[in-house]
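Fair warning: this is a prediction, and the values are worked out from it, not measured in the lab. Note that ligands are numbered from 1 as they come in the structure, with each ligand's atoms numbered from 1 the same way.
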Amino acid sequence: MPQIIDGKKISQQIKDELKAEVQELAAEGRRACLAVVQVGTDPASTVYVNNKKKACAYIGIESRSFELPEETAEEELVSLVERLNQDPEVNGILVQLPLPAHIDEDRIIRTISPDKDVDGFHPVSVGRLWIGEKGFLSCTPAGIIQLLKRSGISVEGKRCVVVGRSNIVGKPMAALLLRENGTVTIAHSRTKNLKEITRQAEILIVAVGKEKFITREYVGEGAAVIDVGMHRDAQNHLCGDVDYADVESVASAITPVPGGVGPMTIAMLMNNCVETIRTREDRS
Ligand code: GUN
């Protein structure tokens with residue numbers, strides 16, 4: 001049986017550590033405030049946004065909600081973000097994605113000040129990540145690094161294969177594994193001989209967005225398998241990009257869905273919010 005990497009437990013540990021740190025920082029007069037912007041009423045986004053606000057409350061971070069109607073003009077959203085950039089009481093800005101089709105998402109991401117970019121999506125944050133400069137890290141990949149570290153799985157010198165090349169997960173994941181001295185391959189939908197490549201992985205990270213896509217033929221004996229996917233199967237059960245029941249007999253460690261990578265994203269968002277005040281002394 002593989003080691004089951006318990007993201008629920010590890011994310012709770014991180015949140016408790018952050019809560020204690022926030023109390024200490026508050027005693028020094030440093031308080032964090034996250035602006036949470038949602039445009040429209042997409043039910044999934046509403047659930048995510050509410051969970052982020054709940055996590056803020058738990059840790060002791062103030063959150064300010066900005067709920068805008070679906071038909072909000074792009075210029076209006078740009079103005080709001082610019083206002084939040086200037087607001088000294090706001091340390092972090094989160095604009096929940098996806099945005100309605102008439103709004104240029106890239107423009108909004110670029111409008112957020114890199115100093116308040118707690119999602120780590122701004123090109124400046126991405127550039128800092130790749131050149132090894134301090135900056136905000138994309139939350140899901142940063143959470144995966146924490147899952148590995150806190151489960152005693154070292155990346156150093158290992159063959160790591162990331163399946164998926166999105167800007168939010170695949171690419172920053174590869175950068176972070178490289179930063180941890182892994183030997184990194186990025187595979188994707190056009191990769192030839194995918195099974196041969198994934199079978200070489202000692203650490204296999206899967207973010208393809210296809211239900212139970214990775215079966216045991218894709219996994220080398222003893223690999224650590226990290227599943228970023230989240231789907232509902234034909235029986236309406238939550239499942240990931242990895243066929244867990246099939247893969248568990250070959251993997252040495254594996255993340256379940258739910259309860260693996262999922263809870264880590266918010267924990268790392270909270271870490272980024274705390275990061276906004278760790279080194280700042282200009283708030284009271
Ligand atoms: N939508 C789905 N995941 C995310 C996320 O991590 N950040 C933002 N801003 N929107 C999302």
Side-chain angles (χ1 to χ4, degrees), residues 7 11 14-15 33-56 59 61 63-68 70 72 74 77-78 80-81 84-85 90-101 103-126 129 135-147 164-173 175-176 205 207-209 226-232 238 240-241 257-258 260-276:
S11 66
I14 291 173
K15 284 191 281 186
C33 171
L34 174 68
V36 181
V37 181
Q38 184 183 358
V39 183
T41 54
D42 173 66
S45 288
T46 302
V47 171
Y48 286 133
V49 161
N50 285 339
N51 287 340
K52 289 169 187 179
K53 289 191 274 196
K54 256 191 251 169
C56 282
I59 287 166
I61 295 171
S63 63
R64 290 191 192 167
S65 289
F66 298 84
E67 290 164 16
L68 309 181
E70 181 82 20
T72 300
E74 185 175 305
L77 183 56
V78 166
L80 170 62
V81 171
L84 295 170
N85 283 342
V90 170
N91 310 98
I93 303 170
L94 181 135
V95 178
Q96 185 65 24
L97 305 178
L99 290 167
I103 298 179
D104 177 355
E105 230 163 65
D106 287 340
R107 181 175 175 211
I108 302 304
I109 289 170
R110 282 161 202 263
T111 304
I112 296 171
S113 162
D115 293 336
K116 299 190 179 186
D117 175 35
V118 286
D119 264 322
F121 293 164
H122 193 287
V124 168
S125 301
V126 176
L129 164 62
F136 292 110
L137 302 178
S138 189
C139 300
T140 301
I144 290 170
I145 295 293
Q146 285 301 313
L147 282 181
R165 55 174 160 180
S166 71
N167 288 336
I168 291 182
V169 183
K171 287 180 201 164
M173 188 73 252
L176 283 175
I205 316 261
V208 290
I226 308 293
D227 188 351
V228 185
M230 175 72 87
H231 314 274
R232 279 200 184 271
L238 289 172
D241 291 349
V257 176
V261 173
M264 296 301 291
T265 302
I266 290 187
M268 299 318 289
L269 173 70
M270 295 300 107
N271 181 62
N272 282 349
C273 292
V274 177
E275 183 61 29
T276 63

Exercise. Please say which of L176, D119, V126 ends up in a side-chain contact (heavy atoms from CB on, under 4.5 Å) with L137.
Key: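 It is L176, the one option of L176, D119, V126 that forms the side-chain contact (heavy atoms from CB on, under 4.5 Å) with L137.
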Exercise. Would you kindly say whether T46 and Q38 are connected by a side-chain donor-acceptor distance under 3.5 Å?
Key: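 Judged by distance alone, the side chains do pair up.
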Practice problem: Decide whether K116 and T276 meet the rule of one side-chain donor and one side-chain acceptor closer than 3.5 Å. | Solution: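 There is no such pair (donor and acceptor under 3.5 Å, judged by atom type) between the side chains of K116 and T276.
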Would you mind telling me if ligand 1 is within reach of the side chain of [X], the backbone, both or neither, using heavy atoms under 4.0 Å?
X    : value
V95  : backbone
K52  : side chain
F121 : side chain

Quiz item: Among protein heavy atoms, which sits nearest to atom 11 (C) of ligand 1, and what does the distance come to when rounded to 0.1 Å?
Solution: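 Answer for atom 11 (C) of ligand 1: Q96 NE2, 3.4 Å.
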Quiz item: Is any N or O atom of D119, backbone or side chain, closer than 3.5 Å to an N or O atom of ligand 1?
Solution: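 Yes; the residue has a nitrogen or oxygen that sits under 3.5 Å from a nitrogen or oxygen of the ligand.
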Quiz item: Counting both backbone and side chain atoms, is some N or O of T265 under 3.5 Å from an N or O of ligand 1?
Solution: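 The answer is no, given that T265 and ligand 1 share no N or O pair closer than 3.5 Å.
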Practice problem: Going by heavy-atom distance to atom 1 (N) of ligand 1, choose the closest among V37, L97, L99. | Solution: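 Nearest option to atom 1 (N) of ligand 1, by heavy atoms: L97.
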Exercise. Would you check whether E105 reaches within less than 4.0 Å of ligand 1, judged by its heavy atoms?
Key: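 False for this residue.
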Practice problem: Specify the closest pair of heavy atoms between V36 and S63, including all atoms of both residues, with the distance to one decimal. | Solution: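 Nearest pair, atom of V36 first, then S63: CG2-CB, 4.4 Å.
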Quiz item: Does R64 CZ have over 12 foreign heavy atoms under 6.0 Å away?
Solution: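 Yes, because the 6.0 Å sphere around CZ of R64 holds more than 12 heavy atoms from other groups.
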Practice problem: Count the heavy atoms belonging to other residues, nucleotides or ligands that lie under 6.0 Å from OH of Y48, then report whether that count exceeds 12. | Solution: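 No - once you tally the heavy atoms of other residues, nucleotides and ligands closer than 6.0 Å, there are 12 at most.
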